[in-house]
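Below you'll find the structure, written out as structure tokens, and then a few comments.
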Amino acid sequence: MAENPLITETEKLETLAPVITAPIRHHVFVCTGKSCSAVDSPEVKEAFERELLARGMLFGKEKKGKNPRGSVLVTECGSVGFCAIGAAVMIYPDGVWYGQVRAGDVPEIVEEHLINGHVVERLALLKVPSAGKSAAAGDTASWEA
């Protein structure tokens with residue numbers, strides 16, 4: 001297997017990965033794995049893209065109708081760890097994990113979280129870093145993902 005040489009030229013890096021020059025403020029991960037897909041997560045991802053595109057916030061190639069100076073990147077992923085209560089969405093760098101998200105919830109998440117900086121508490125499950133489950137007196141159970 002051939003080894004790829006390390007690219008050190010800034011201009012070449014910017015050409016190959018234009019995201020490094022974008023003013024990205026948030027990265028939204030939408031689980032489209034089997035369990036989340038069963039509760040319409042592809043529609044949730046599409047709703048994020050539609051809502052952010054309409055606001056000019058969706059990062060992407062101009063030839064695809066997106067904004068190369070957009071501030072939000074949307075990525076689908078296979079799992080975020082709690083697909084049983086999907087559709088699951090994670091927003092970074094805030095480290096907020098949302099569960100049971102439906103396409104109809106997306107405008108609220110965009111407006112409240114991505115624009116105004118307020119977590120949508122009714123959907124928020126976890127904020128990273130997390131201390132895990134609070135141990136009750138005498139509870140010695142350990143938390144695992």
Side-chain angles (χ1 to χ4, degrees), residues 1-7 12-136 138-145:
M1 179 187 267
E3 187 175 318
N4 291 333
L6 182 65
I7 301 168
K12 186 170 184 177
L13 288 170
E14 291 172 0
T15 300
L16 294 171
V19 69
I20 65 175
T21 62
I24 301 297
R25 298 190 50 79
H26 291 97
H27 194 160
V28 178
F29 294 88
V30 179
C31 176
T32 56
K34 187 175 180 179
S35 295
C36 284
S37 288
V39 289
D40 301 325
S41 66
E43 288 80 2
V44 170
K45 179 182 175 278
E46 290 171 14
F48 270 106
E49 290 177 342
R50 244 187 343 269
E51 189 71 24
L52 294 165
L53 190 62
R55 295 171 181 260
M57 297 170 63
L58 182 62
F59 170 80
K61 294 181 179 180
E62 196 167 18
K63 67 182 178 184
K64 292 186 176 184
K66 299 176 182 177
N67 183 353
R69 302 297 302 154
S71 62
V72 181
L73 183 62
V74 176
T75 302
E76 68 180 79
C77 61
S79 175
V80 298
F82 52 88
C83 298
I85 51 176
V89 173
M90 292 189 321
I91 298 180
Y92 279 90
D94 305 336
V96 175
W97 295 21
Y98 289 110
Q100 301 184 78
V101 178
R102 302 298 177 257
D105 298 317
V106 171
E108 180 182 6
I109 294 171
V110 169
E111 182 70 26
E112 291 303 316
H113 188 141
L114 299 177
I115 294 174
N116 295 322
H118 305 292
V119 173
V120 179
E121 296 293 338
R122 68 183 180 82
L123 298 170
L125 299 175
L126 178 68
K127 184 164 176 32
V128 175
S130 171
K133 182 179 174 185
S134 300
D139 183 4
T140 60
S142 62
W143 183 87
E144 285 188 41

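Note: hydrogens, waters and symmetry copies are ignored here, and every other heavy atom, side chains too, is used.
A salt bridge is defined here as a Lys NZ or Arg NE, NH1 or NH2 lying under 4.0 Å from an Asp or Glu carboxylate O, and Glu108 with Arg122 meets this definition.
Trp97 CH2 to Ile85 CD1: the interatomic distance, rounded to the nearest 0.5 Å, is 10.5 Å. Rounding to the nearest 0.5 Å gives a distance of 10.0 Å between CD of Glu51 and CG of Leu114. Between the CD atom of Glu46 and the CG atom of Leu53 there is a distance of 12.5 Å, given to the nearest 0.5 Å. Residue Phe29 holds its CZ atom at 12.5 Å from CZ of Phe48, rounded to the nearest 0.5 Å. Atom CD1 of Ile115 and atom NE2 of His26 lie 10.0 Å apart (nearest 0.5 Å). For the atom pair CD (Glu49) and NZ (Lys66), the distance works out to 5.0 Å, reported to the nearest 0.5 Å.
Ser37 places a side-chain N or O within donor-acceptor distance of the main-chain N or O of Thr32, the cut-off being under 3.5 Å. Under a 3.5 Å cut-off, the side chain of Asn116 and the backbone N or O of Glu111 do form a donor-acceptor pair. Counting only distance, with no hydrogens or angles, the side chain of Arg25 and the backbone of Gly70 share no donor-acceptor pair below 3.5 Å. Under a 3.5 Å cut-off, the side chain of Ser41 and the backbone N or O of Cys31 do form a donor-acceptor pair.
Applying the salt bridge (charged side-chain N to carboxylate O under 4.0 Å, His left out) criterion to Glu14, with sequence neighbours excluded, gives no partner residue.
Every pair tested for ring pair (Phe, Tyr, Trp, His ring centres under 6.0 Å) that includes a residue from residues 56-77 fails, sequence neighbours excluded, so the list is empty. Listed by first and then second residue, the salt bridge (charged side-chain N to carboxylate O under 4.0 Å, His left out) pairs involving residues 76-99 are Lys45-Glu76 (not counting sequence neighbours).
Across Val44 and Val101, no two heavy atoms sit closer than the pair CG2-O, 3.5 Å. Counting all heavy atoms, side chain and backbone alike, Ala87 lies closest to Arg102 at N-NH1, 3.2 Å. Contact detail for Ala88 and Cys36: the closest heavy-atom pair is N-SG, 3.5 Å. Scanning all heavy atoms of the two residues, the minimum distance from Val96 to Ala124 falls at CG1-CB, 4.3 Å. The minimum heavy-atom distance between Asn67 and Arg69, with the atom names listed, is OD1-N, 2.7 Å.
Each of Ile91, Leu125, Asp105 was evaluated against Tyr98; a single residue qualifies, Ile91, per the side chain to side chain contact (heavy atoms under 4.5 Å, CB included) test.
Proximity of Val89 to Ile109: side-chain heavy atoms (C-beta onward) are nowhere separated by under 4.5 Å.
Atom NZ of Lys34 sits in a sparse spot, with 12 or fewer heavy atoms from other residues, nucleotides or ligands closer than 6.0 Å.
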